[in-house]
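Report on the structure given below.
Residues: numbered from 1 along the sequence shown. Everything quoted here is computed from the prediction, not taken from an experiment. Read the numbers this way: they start at 1 and go in the same order the structure lists the ligands and their atoms.
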Amino acid sequence: MIQIHTAKDIQNLMKNYRKEGKTIGFVPTMGFLHEGHMSLVEKARKDNDIVVMSIFVNPMQFGPGEDYEAYPRDIERDRQLAADGGVDVLFTPEPEEMYGQEPTVTASVKKRTAVLCGRSREGHFDGVATVLTKLFNLTSPTRVYFGMKDAQQVAVVDGLINDFFMDIELIPVETKREEDGLAKSSRNVNLRAEERQEAPALYQALQRGAELIRAGERDPEAVKREVRSILGKTSGVIDYAEIYSYPDLEMREPLTGKVIIAVAVQFSKARLIDNIIVDIPADQKEDL
Ligand code: PAF
């Protein structure tokens with residue numbers, strides 16, 4: 001595995017791979033790798049000649065008072081995991097390399113951000129779209145891999161790629177879970193022991209919501225009430241428990257088509273998110 005720190009070096013290397021006709025699978029991350037990330041690498045490995053991973057905790061996507069400083073980092077461990085997982089090129093720039101000068105242009109995401117994490121994290125997706133535009137330009141990927149745990153991020157990346165005619169295939173990958181259903185996340189290490197016990201309630205609440213929809217419930221408020229009542233049994237504070245169309249993230253009442261139930265719960269030192277997608281067939285209301 002080659003490790004690269006500078007924009008110029010990665011861009012040159014990737015240009016050479018593309019000239020040689022190689023396909024490039026890109027897995028952007030903020031590090032502290034877990035099985036969720038490694039499942040993206042595994043998929044990228046199967047689909048492409050070259051697998052590139054970036055590890056960059058992007059300051060632009062953290063708001064004031066968010067956990068930029070506390071975000072877990074362990075580059076030695078990450079390097080080992082990436083190499084063992086079959087990453088060919090690891091890109092680990094410093095913030096100065098990515099944001100050296102006062103920016104002339106940054107991305108501004110217009111849709112799919114006024115709800116869910118975008119609502120409570122102002123500017124977050126502008127930061128994500130800005131850094132991804134830079135990373136895509138540096139790595140020239142054929143395909144990019146994102147976990148569905150951040151379904152809103154996947155929806156925004158879908159918009160970014162389509163609106164800017166980027167010649168990149170977006171590959172969403174299913175959320176990896178612990179045995180008790182908790183979605184794997186770098187932030188799980190910041191849960192207290194008793195919070196870790198409660199955290200599977202997020203997935204239980206989502207499953208219950210999906211079950212109601214599958215049983216024929218089409219009133220989003222009724223589904224949300226049930227989801228909230230399960231989340232309300234934890235010591236965390238519910239940030240949101242919502243249902244929208246996917247990937248447009250718009251309100252639909254009654255529920256139709258592809259919908260996402262998404263939740264976020266703030267525990268003492270970790271904010272957890274999770275979601276489930278339910279496809280409601282057009283002419284079949286009772287049973288999926
Ligand atoms: O999902 C993440 O880890 C980040 O938002 C990403 C896509 C690497 C951009 O910084």
What's the shortest distance from [atom] to any protein heavy atom, and which residue and atom give it?
{"atom": "atom 1 (O) of ligand 1", "value": "Gln153 NE2, 2.8 Å"}
{"atom": "atom 10 (O) of ligand 1", "value": "Gln61 OE1, 2.6 Å"}
{"atom": "atom 3 (O) of ligand 1", "value": "Met30 CG, 3.4 Å"}

Which of the atoms of ligand 1 are close to Phe146, meaning less than 4.0 Å from one of its heavy atoms?
-> 7 (C)

Ligand-side contact atoms (ligand 1) for residue partner Val131, heavy atom cut-off under 4.0 Å =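 In order of number, 9 (C), 10 (O).
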
Salt bridge (Lys or Arg N to Asp or Glu O under 4.0 Å) partner of Asp274, the single match among Lys176, Arg177, Lys149 |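 Between Asp274 and the candidates, salt bridge (Lys or Arg N to Asp or Glu O under 4.0 Å) is satisfied uniquely by Arg177.
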
Going only through I, L, V, M, F, W and Y residues with side-chain contacts under 4.5 Å, is there a path from Ile2 to Ile55?
->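 Looking at the clustering, Ile55 is in a separate group from Ile2.
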
How far apart are the closest heavy atoms of Met60 and Asp126, and which atoms are they?
->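 Closest approach of Met60 to Asp126, heavy atoms only: CE-O, 4.0 Å.
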
For Tyr68, is the NZ or CZ atom of Arg73 found under 6.0 angstrom from the centre of its six-membered ring and inside 45 degrees of the ring axis?
->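 Ring-cation test returns yes.
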
Side chain, backbone, both or neither: which part of Thr29 comes within less than 4.0 Å of ligand 1 when only heavy atoms are counted?
->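 The answer is the backbone of Thr29.
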
Arg228 (side chain) donor-acceptor with Ala241 (main chain) under 3.5 angstrom | yes

